J.: 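Shown below is the structure under consideration.
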Number of protein chains: 2
Amino acid sequence: MNKPKDADDPIVGLSRSSIERLYSYYLLAIYAKQQGSSHISSKRLAENLLIGDTQVRKDMAAINLVGQPKRGYAIDETIRALREAMGLNQVHHAVLCGVGNLGRALLEYSRFSEFGFKMVGAFDVREEIIGTDISATRILHIDHLEQVVEIFAVEIGILTVNVWAAQDICDRMVKSGVKAIWNFAPIHLKTPDNVLVRNEDFAGSLTVISHYLRGQNRAMARDLEPPE
Amino acid sequence: MNKPKDADDPIVGLSRSSIERLYSYYLLAIYAKQQGSSHISSKRLAENLLIGDTQVRKDMAAINLVGQPKRGYAIDETIRALREAMGLNQVHHAVLCGVGNLGRALLEYSRFSEFGFKMVGAFDVREEIIGTDISATRILHIDHLEQVVEIFAVEIGILTVNVWAAQDICDRMVKSGVKAIWNFAPIHLKTPDNVLVRNEDFAGSLTVISHYLRGQNRAMARDLEPPE
DNA sequence: TAGATTGTTAATCGATTAACAATC
DNA sequence: TAGATTGTTAATCGATTAACAATC
């Protein structure tokens with residue numbers, strides 16, 4: 001326990017940002033394969049992601065992929081290595097807490113299975129929706145959260161409750177064994193170090209947009225003003 | 001036009017990451033005010049965001065806020081400066097394209113007005129929903145996109161169409177005058193330099209989670225294995 | 001006063017980019 | 001061969017953190 005990094009572990013030098021790029025590479029590789037290509041170059045991947053090709057090659061090197069000069073990376077090997085690096089071949093159970101509009105939309109989001117996520121249940125407190133199904137996921141009362149997480153060894157918790165309930169539900173998920181939380185509530189959750197929290201920060205996004213437009217309009221006002 | 005940075009502009013040294021933090025500061029400041037506090041310290045803000053207090057002070061300095069030793073930042077002034085920096089006092093018109101599950105959830109998302117976003121319409125091609133309203137936003141045919149954007153001087157486009165349509169709809173929005181795009185399609189949109197694209201990358205998030213659990217399970221497998 | 005807190009400089013850290021030799 | 005492409009080192013860039021004097 002607590003071994004300080006394994007020399008065998010093939011994933012070193014794979015930064016958070018690199019990991020976020022892997023799925024885009026993967027989609028492009030699959031697309032290239034469908035088009036009949038046998039190889040794909042760092043240049044082509046880079047153009048699609050609007051990044052530099054050096055960065056692509058670094059990412060590829062980090063997952064132990066070796067390319068061929070003049071040709072690029074072999075498609076099949078690339079797809080295999082990307083799936084492996086992303087952990088796409090494993091299946092993980094997931095629950096969702098908070099079946100409001102956003103929770104409902106996520107339950108109907110069709111891509112979970114591509115990532116090996118299997119929804120075992122969704123939780124809420126509103127009696128009128130409990131017992132119904134959304135996209136084949138049964139809505140259960142939040143009182144049963146702990147039992148379900150333990151019984152199904154659920155590793156992923158999707159948090160779409162309102163901000164006031166978020167930390168409490170988070171704690172309950174973590175206590176019953178959840179290892180990663182996809183958080184949509186505008187709050188920075190406190191969790192043990194070994195639990196991953198991924199924040200989907202809508203408010204942060206809207207702030208960035210609002211701040212940008214503010215800058216634009218200032219610039220425009222300046223341009224229209226006669227010089228003093 | 002094209003002045004290379006204005007000495008007057010009070011927002012320099014405000015990085016993308018800083019901007020994303022502003023709304024969290026803002027919520028905390030409002031909460032502190034409701035609790036009757038007259039000041040709020042960088043330490044308290046930092047604890048809530050799980051970051052260091054130095055970083056908070058840097059952010060505050062970047063928006064020209066000056067604190068008082070021993071007390072912290074005056075609440076009212078802080079709230080005012082944060083609203084100003086985020087551009088929250090301005091109103092911007094927005095449209096949404098693609099009224100699927102996610103688009104519907106966003107239309108029902110209640111927080112747009114807090115950011116000064118006013119939804120003027122949502123667009124789709126499915127005749128059966130055109131003409132209906134979701135949260136007081138009328139669903140219109142995508143053919144009318146350009147007209148509406150131009151007439152209302154819409155600056156914000158929310159993109160929840162499927163990936164194959166995304167670049168095309170993006171181009172149409174940009175061409176009619178949209179200045180910022182909140183993109184939920186898993187694609188890196190090509191736009192002119194003066195158009196902001198904010199990607200809400202669900203696939204990237206799921207990849208990070210999947211990769212993390214893969215690492216966890218490997219570590220666990222290693223711990224359970226007898227040493228060779 | 002002593003202690004808490006700000007403001008700011010310098011150091012650190014980590015990710016991206018430039019440069020270029022190696023290879024097919 | 002010439003040219004395209006990889007792989008890798010070193011440089012750059014930008015954000016975070018540490019350190020500490022200044023202040024109330």
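Lettering of chains follows the sequences in order, A, B, ..., and the numbering in each one begins at 1. Because the structure is predicted, anything quoted here is derived from the model rather than measured.
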J.: In the strands shown, is C/dG3 matched to any nucleotide by a Watson-Crick or G-U wobble pair with both distances under 3.5 Å, and which?
T.: D/dC24
J.: Would you tell me if any nitrogen or oxygen in the side chain of B/Gln55 comes within less than 4.0 Å of OP1 or OP2 on D/dA15?
T.: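 No.
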J.: Nearest whole angstrom, please: distance from the C1' of D/dA4 to the NZ of A/Lys70.
T.: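 Distance check: A/Lys70 NZ to D/dA4 C1' gives 5 Å.
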J.: Let's see if you can work this out: which of D/dG7, D/dT6, C/dT6 has an atom nearest to the side-chain heavy atoms of A/Val66?
T.: D/dG7
J.: Give a yes/no answer on whether the side chain of B/Gln68 brings an N or O atom under 4.0 Å of OP1 or OP2 in C/dT6.
T.: no
J.: Hey, does B/Thr54 reach any base, or is it just sugar-phosphate, or nothing, if we go heavy atoms under 4.0 Å?
T.: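 Base, at least one base atom sits under 4.0 Å.
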J.: What is the distance, rounded to the nearest whole Å, between atom NE2 of A/His39 and atom P of D/dT6?
T.: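 Taking NE2 of A/His39 and P of D/dT6, I get 10 Å after rounding.
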J.: Rounded to whole Å, how long is the line connecting atom CD1 of A/Ile51 with atom C1' of C/dA18?
T.: 16 Å
J.: Assuming nearest nucleotide by heavy-atom distance, tell me which of A/Pro69 and A/Arg16 is located more 5' along DNA chain C.
T.: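 Taking each residue's closest nucleotide, the earlier one in sequence belongs to A/Arg16.
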J.: Please determine if a side-chain N or O atom of B/Arg21 lies less than 4.0 Å away from the OP1 or OP2 oxygen of D/dT16.
T.: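 Yes, B/Arg21 has a side-chain N/O under 4.0 Å of OP1/OP2 on D/dT16.
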J.: Flag yes if more than 12 heavy atoms outside A/Lys175 fall under 6.0 Å of its NZ atom; otherwise flag no.
T.: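 No, because the 6.0 Å sphere around NZ of A/Lys175 holds 12 heavy atoms or fewer from other groups.
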J.: Is B/Arg44 touching bases, backbone alone, or none of the nucleic acid, heavy atoms closer than 4.0 Å?
T.: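 Counting heavy atoms under 4.0 Å across all strands, no contact is made by B/Arg44.
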J.: Heavy-atom nearest nucleotide on DNA chain C for A/Arg71 versus B/Arg57: which residue maps closer to 5'?
T.: B/Arg57
J.: Under a 3.5 Å cutoff, is there a donor and acceptor pairing between the side chains of B/Thr207 and B/Ser210?
T.: no
J.: Using 30° and 60° as the class limits, which term best fits the ring planes of B/Tyr26 and B/Tyr23: parallel, tilted or perpendicular?
T.: tilted
J.: Between A/Phe202 and B/Phe202, what is the ring plane arrangement, given parallel below 30°, perpendicular above 60°, and tilted in between?
T.: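 The arrangement is parallel - the two ring planes meet at less than 30°.
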J.: Scan A/Ser17 against the nucleic acid and name what it touches under 4.0 Å (heavy atoms): base, sugar-phosphate only, or nothing.
T.: sugar-phosphate
J.: Do B/Asp59 and B/Gln55 have side-chain atoms, one donor and one acceptor, less than 3.5 Å apart?
T.: no
J.: Write down the distance between CG (B/Leu49) and P (D/dA15), rounded to a whole number of angstrom.
T.: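 Going from CG in B/Leu49 over to P in D/dA15 covers 17 Å.
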J.: Rounded to whole Å, how long is the line connecting atom CG of B/Asn64 with atom P of C/dG7?
T.: 11 Å
J.: Taking any strand in view, what nucleotide pairs with D/dA11 in a Watson-Crick or G-U wobble way, both distances under 3.5 Å?
T.: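 Looking at the geometry, D/dA11 pairs with C/dT16.
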